[in-house]
Amino acid sequence: MRDPLSVLTDAFTSFLFGKVETTRLPVRTSTGQAQAVYLPTAAPGLGDSGVIIGREVYSGKGYIYDPFQLYGQQLPAPHWLVLGESGNGKSALEKTYVLRQLRFRDRQVVVLDAQGEDGVGEWNLIAEELGITPIRLDPTAALDHGIRLNPLDPAITTTGQLALLRTIIEVALGHGLDERSGFALKVAHSYVNETILDRQPVLTDIVEQLRHPEPESAEAMNVAIDDVRAWGLDVALVIDRLVDGDLRGMFDGPTTVGIDLDAPLIVFDLSHIDRNSIAMPILMAIVGVWLEHTWIRPDRKKRIFLVEEAWHIINSPFVAQLFQRLLKFGRRLGLSFVAVVHHLSDVVDGAAAKEAAAILKMASTRTIYAQKADEARATGRVLGLPRWAVEIIPTLTPGIAVWDVNGNVQVVKHLITETERPLVFTDRAMTQSSADLLHEDELADDALRAAEREAEARAAAFVEQHVADYDGSSESTVA
């Protein structure tokens, strides 16, 4: 019970100043509404260590993502799948992500650049900015002392060379090698490696040996020499395409001296190759195995392998199996595989549906830009996205995507700094000045979005300041 003096004091105070305490009426609402009203109830982020991507749309918080920082805690695998139709920001996201990752001293990136214009790949401007010369694979240029990658390079193990030869042949044939053809290839490869010691063996040597096998090879298996020659005929014809066909010059000689595998960024420019021809998956197979045996090393570096037009990989069962092995192997040595695909149906309905499912399962991070409603529903079923995320995918505007990081699903606005803008919008940067780009952006917005424009400008300045300031160590935080 309160003492008389306290009661008298309270009564006097109420008389002079009115009632001191107020009664707050309860609010009845749904959890969805409460999340919008009380921002602290928004979904948690991924932490504050790594590379900043932009801001989470519903809460306005900075969105930070780094597979190497999250691996083992929130991510079972560091691999990443990026989906969406053209013109929605996939390319800009990839480029700014790589540029920001390269500020860490222990990062290294390889890009397979399959798109471009004016005779160069999309990544040409970024490579030039970093002082790096792209490895431009071009059949025409290769004939005139262009870039060559040798599938029989001594840097690749003997087992790796044979596996690569088999993959090339199986991709070209569209089916696996039978036992007899495989035996003929194995014998020819073994003989070439044992007898050519004064230089790098090349594909011409394999073709020659398949056409004219040694009698000892037939005697070892107690078969006629004509049988061994017949078994290797189809194999010889396929390899001859790399030597004297539409892909000649790129793989039929010693590896070009001076390719810097220690550079922070390595760009394979494939823009001169027909993306719809059999040449593309053959190239992917050769580059994939060559990188596996010459680039991925147990040196504690964190490596990113980014593949544009990735359905060319996943749609070929033999190449998909090769990359599936690379993903499993690379996870142990710090490799993050980034696959960029327009439509999931390009791969899940393709010839390599089984292999595609295995690769998609390894991708613990999925970023989905705008898609049509039916494609969004199909994507949601395959990836197991929540219904609310599937429903908003068709409504997303350029630069905004649904991010699913091992079940943590959020809607993220990608922010690009003014320093990055002329490098990532390569198709416009080649024909317009920076002033034109800024003027076009201003005209694109209407007055009703002025407040949002101002907020995004402040956020972009925040990102640019922090991207420029952090010290580049693997323990740095960009937030």
Side-chain angles (χ1 to χ4, degrees), residues 51 53-54 65 67 77-101 109-117 121-127 134 265-271 273 275-276 280-281 283-284 287-288 291 303-316 319-320 323-324 326-327 330 335-348 350 352 355-356 359-371 375-376 379 382-383 393 396 398-405 412 414 416 420 423-427:
V51 171
I53 301 297
Y65 169 79
H79 309 307
W80 180 15
L81 175 68
V82 182
L83 290 167
E85 297 183 352
S86 297
N88 283 287
K90 297 193 310 294
S91 180
L93 172 66
E94 301 154 24
K95 291 169 184 172
T96 57
Y97 174 75
V98 167
L99 286 169
R100 296 169 190 180
Q101 279 281 5
V109 181
V110 162
V111 175
L112 299 192
D113 183 6
Q115 302 189 78
E117 61 178 45
E122 269 196 34
W123 289 75
N124 191 67
L125 279 179
I126 289 178
L265 175 65
I266 304 168
V267 176
F268 287 90
D269 184 348
L270 311 180
S271 60
I273 310 297
R275 285 177 285 171
N276 297 313
M280 186 61 78
L283 277 170
M284 294 291 190
V287 171
L291 287 174
R303 291 180 165 88
I304 299 169
F305 186 21
L306 191 151
V307 182
E308 302 265 15
E309 311 288 348
W311 62 81
H312 292 293
I313 288 177
I314 305 175
N315 258 346
S316 167
V319 182
F323 273 77
Q324 187 179 344
L326 180 64
L327 266 61
L335 175 71
S336 173
F337 177 70
V338 183
V340 183
V341 179
H342 282 218
H343 306 288
L344 205 55
S345 57
D346 292 333
V347 293
V348 298
E355 292 79 4
I359 290 177
L360 293 176
K361 188 176 180 180
M362 293 184 189
S364 299
T365 301
R366 289 81 68 89
T367 300
I368 304 97
Y369 282 89
Q371 296 179 329
E375 185 73 26
T379 299
V382 174
L383 300 183
I393 288 174
L396 296 174
I400 299 179
V402 171
W403 282 67
D404 177 7
V405 182
V412 179
H414 175 219
I416 304 172
E420 295 167 330
L423 296 176
V424 302
F425 292 133
T426 51
D427 55 339

Rounded to the nearest 0.5 Å, what separates atom [atom1] in [X] from atom [atom2] in [Y]?
| X | Y | atom1 | atom2 | value |
| --- | --- | --- | --- | --- |
| Ile304 | Phe337 | CD1 | CZ | 13.0 Å |
| Gln101 | Leu265 | CD | CG | 12.5 Å |
| Ile126 | Glu420 | CD1 | CD | 9.0 Å |
| Ser336 | Leu327 | OG | CG | 9.0 Å |

Side-chain heavy-atom pair [X], [Y] within 4.5 angstrom cut-off:
| X | Y | answer |
| --- | --- | --- |
| Leu383 | Ile368 | yes |
| Phe305 | Leu112 | yes |
| Ser271 | Glu308 | no |
| Tyr65 | Val412 | no |

Can you give me the closest heavy-atom contact between [X] and [Y], atom names plus distance?
| X | Y | result |
| --- | --- | --- |
| His342 | Ser86 | CE1-OG, 2.8 Å |
| His79 | Leu335 | CE1-O, 3.2 Å |
| Val341 | Leu344 | CG1-N, 4.5 Å |
| Pro134 | Ala127 | CG-CB, 3.9 Å |
| Thr379 | Gln371 | OG1-OE1, 3.0 Å |
| Ile53 | His414 | O-CD2, 3.3 Å |

For [X], enumerate each residue passing the side-chain hydrogen bond (donor to acceptor under 3.5 Å, both in side chains) test, keeping only those at least two apart in sequence or located in another chain.
| X | answer |
| --- | --- |
| His343 | none |
| Tyr369 | none |
| Asn88 | none |
| Arg303 | Gln108, Asp299 |

Under the ring-ring contact (aromatic ring centres under 6.0 Å, His included) test, which residues partner Phe268, sequence neighbours left out?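 For Phe268, no residue satisfies ring-ring contact (aromatic ring centres under 6.0 Å, His included) once neighbours in sequence are set aside.
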
Using the test salt bridge (Lys or Arg N to Asp or Glu O under 4.0 Å), find all partners of Asp113 that sit at least two apart in sequence or belong to another chain. none

Determine yes or no for a side-chain-to-main-chain donor-acceptor pair under 3.5 angstrom, with Asp404 supplying the side chain and Arg366 the backbone. no

Using modelled atom types and a 3.5 Å cut-off, is there a donor and acceptor pairing between side-chain atoms of Thr367 and backbone atoms of Val82? no

Evaluate the ring planes of Trp80 and Tyr97, with Trp represented by its six-membered ring, and classify them as parallel (under 30°), tilted (30 to 60°) or perpendicular (over 60°). perpendicular

